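Notes follow once the structure below has been shown.
Because the structure is predicted, anything quoted here is derived from the model rather than measured. In what follows, chains are A, B, ... by sequence order, proteins preceding strands, each numbered from 1. Excluded from the calculations below are hydrogen atoms, water molecules and symmetry mates; all remaining heavy atoms, backbone and side chain alike, are included.
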Protein chains: 6
Amino acid sequence: MNKWLPSLKTKTPQEGFELAIILAQKGVEYTQPNEQIRKKLRPKYSRDPDSLAFASQVIAINFQTVAAANNYWKDRVKF
Amino acid sequence: MNKWLPSLKTKTPQEGFELAIILAQKGVEYTQPNEQIRKKLRPKYSRDPDSLAFASQVIAINFQTVAAANNYWKDRVKF
Amino acid sequence: MNKWLPSLKTKTPQEGFELAIILAQKGVEYTQPNEQIRKKLRPKYSRDPDSLAFASQVIAINFQTVAAANNYWKDRVKF
Amino acid sequence: MNKWLPSLKTKTPQEGFELAIILAQKGVEYTQPNEQIRKKLRPKYSRDPDSLAFASQVIAINFQTVAAANNYWKDRVKF
Amino acid sequence: MNKWLPSLKTKTPQEGFELAIILAQKGVEYTQPNEQIRKKLRPKYSRDPDSLAFASQVIAINFQTVAAANNYWKDRVKF
Amino acid sequence: MNKWLPSLKTKTPQEGFELAIILAQKGVEYTQPNEQIRKKLRPKYSRDPDSLAFASQVIAINFQTVAAANNYWKDRVKF
């Protein structure tokens, strides 16, 4: 696969959250590399409340990793 | 998406918990950006005990991240 | 919502576990604020073994957070 | 509830694992305090492979907490 | 139960992964101590893709614990 | 089983993510060592959106471990 994850560092927490979303999607892509199959599954998936909650969970797990990698963006936050 | 997560820092643990709820919701929003579809799913979701438990789980995972980012609010707690 | 989480600190591990239970319940409450609906769901939920196991899981995740916030109550434990 | 969790410290990793099992059970007990109901659910639960796997998962999450509380029993292990 | 977990330390990451598998199995064994019942459940379990994925998840959670206990085998790895 | 995990160290985050995928697969392999059975399950599994999301979750959990083992690749990242 192409180079898609050069670093876990992001400038802001929000960019970190968005990186967590990419990680969650990549986990699906590696498991089902066929884009057409993935696209066919999407409409049903994205209208099922439990599937949406599950997607949010996988993002949350990845966000833990990204946030730790960025030391929770503590160095840039002003108190 | 608009800027919605400037920082993981919160003043109190409760605000941190409420930020964890926002993170859980945002995970859903990014996966299903259509607000109308999300609204339609909500009544069913919020009356299903397992869905509610699952929502609580995603909040719990995000709260781990927010709590770590705030060093568990140790610096402000008086023993 | 009223102030319900002034601190993650507890005197004992058991109080920490009980705080984790409150966190798990609050995750449900924020998602479904209507108390009557929640009460109606409870009987069914609390008699389903998988739902009970899931409740225990959400408590376990929250207990990780509370335990870390209390440095695992190491300072008070006598060896 | 009676005092059941005076400490997260255990002498050995195995005792720590057994404490994790107690924590998983307590999560169920607090959610369904009625012992008779819990006993009725048990036979079905303990013969369902997915329920057993789920029980093992909740134990694993609690074992993370207990292991961290004991600094992974590093101080007692001889290399 | 017999002594089965004298230490979380392993010589290699792979042995650590295999210890994580044992921990996952022990979580099941403690919940259902009857070996015959467990054996009867196994064929069905091990042919269900979701059950297999779940087994892998419980292993992953336990591997987090074992890896942390071994400081991720950093001391022995050559860069 | 052959030696398949000499180290948790990887050069880049992406290689770390790919190692997390291997860990997730190995968790399945150890549980169901028969390759033919696994292959038969795969087509169904990889077309079910919830199974794909679950695979992504197990990868995410393993990626937490691999990322921590590599200190989140902080030493190599340029800001």
Side-chain angles (χ1 to χ4, degrees), chain D residues 4-5 8-29 31-32 35 37-79, chain E residues 1-11 16 19-76:
Chain D
W4 60 273
L5 185 61
L8 291 176
K9 280 275 166 189
T10 69
K11 280 201 209 96
T12 64
Q14 185 168 332
E15 283 175 36
F17 195 80
E18 286 161 0
L19 177 54
I21 294 169
I22 291 170
L23 292 170
Q25 291 168 337
K26 285 289 173 183
V28 172
E29 271 183 56
T31 311
Q32 176 49 272
E35 200 188 337
I37 295 176
R38 289 201 314 271
K39 272 194 178 154
K40 227 188 289 175
L41 302 174
R42 198 170 163 79
K44 192 186 149 214
Y45 184 78
S46 66
R47 286 159 193 272
D48 179 76
D50 290 322
S51 297
L52 288 173
F54 198 82
S56 182
Q57 189 226 45
V58 182
I59 292 164
I61 294 169
N62 281 310
F63 187 52
Q64 290 191 328
T65 309
V66 176
N70 287 278
N71 196 29
Y72 302 96
W73 300 274
K74 282 179 190 173
D75 306 327
R76 77 177 265 291
V77 173
K78 295 136 208 125
F79 291 78
Chain E
M1 208 175 261
N2 288 339
K3 194 173 153 178
W4 60 272
L5 185 60
S7 165
L8 291 176
K9 279 277 166 188
T10 69
K11 281 200 209 99
L19 177 54
I21 293 169
I22 292 170
L23 291 169
Q25 291 168 337
K26 285 288 173 184
V28 172
E29 270 182 57
Y30 276 92
T31 311
Q32 176 49 273
N34 188 317
E35 200 187 337
Q36 274 190 303
I37 294 176
R38 289 201 314 272
K39 272 193 179 156
K40 227 189 288 176
L41 302 174
R42 196 168 165 81
K44 193 185 149 215
Y45 184 78
S46 66
R47 286 160 193 272
D48 179 75
D50 289 322
S51 298
L52 287 173
F54 198 82
S56 181
Q57 189 226 47
V58 182
I59 293 164
I61 294 169
N62 281 310
F63 187 51
Q64 290 191 329
T65 310
V66 176
N70 286 278
N71 196 28
Y72 303 95
W73 300 274
K74 280 180 190 173
D75 306 328
R76 76 177 266 291

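- Remark: E/Thr31 OG1 to D/Gln25 CD distance equals 7.5 Å, nearest 0.5 Å.
- Checked by atom type and distance alone, the side chain of D/Gln14 pairs as donor or acceptor with a backbone atom of E/Asn2 at under 3.5 Å.
- Annotation for D/Ala60 and E/Ile61: closest pair CB-CG2, 3.7 Å, computed over non-hydrogen atoms.
- With rounding to the nearest 0.5 angstrom, the CZ atom of D/Phe63 is 6.5 Å from the OG1 atom of E/Thr65.
- The heavy-atom pair separating E/Leu23 from D/Phe17 by the smallest distance is O-CZ, 3.4 Å.
- When heavy atoms are compared at a cutoff of 4.5 Å, D/Glu15 does not approach chain E at all.
- Both the backbone and the side chain of E/Lys26 come within less than 4.5 Å of a heavy atom of chain D.
- Contacts between residues 45-56 of chain E and chain D, defined by a heavy-atom separation under 4.5 Å, are made by E/Tyr45, E/Ser51, E/Phe54.
- Residue E/Glu29 does not touch chain D at all, counting heavy-atom pairs closer than 4.5 Å.
- Note that OG1 of D/Thr12 is 7.5 Å distant from CG of E/Leu5, once rounded to the nearest 0.5 Å.
- If you take CG on E/Leu8 and NZ on D/Lys74, they are separated by 10.0 Å, rounding to the nearest 0.5 Å.
- In this structure, the portions of E/Lys3 lying under 4.5 Å from any heavy atom of chain D include both its backbone and its side chain.
- Residues D/Tyr72 and E/Lys9 form no side-chain contact, since every pair of their non-hydrogen atoms from C-beta on lies 4.5 Å or further apart.
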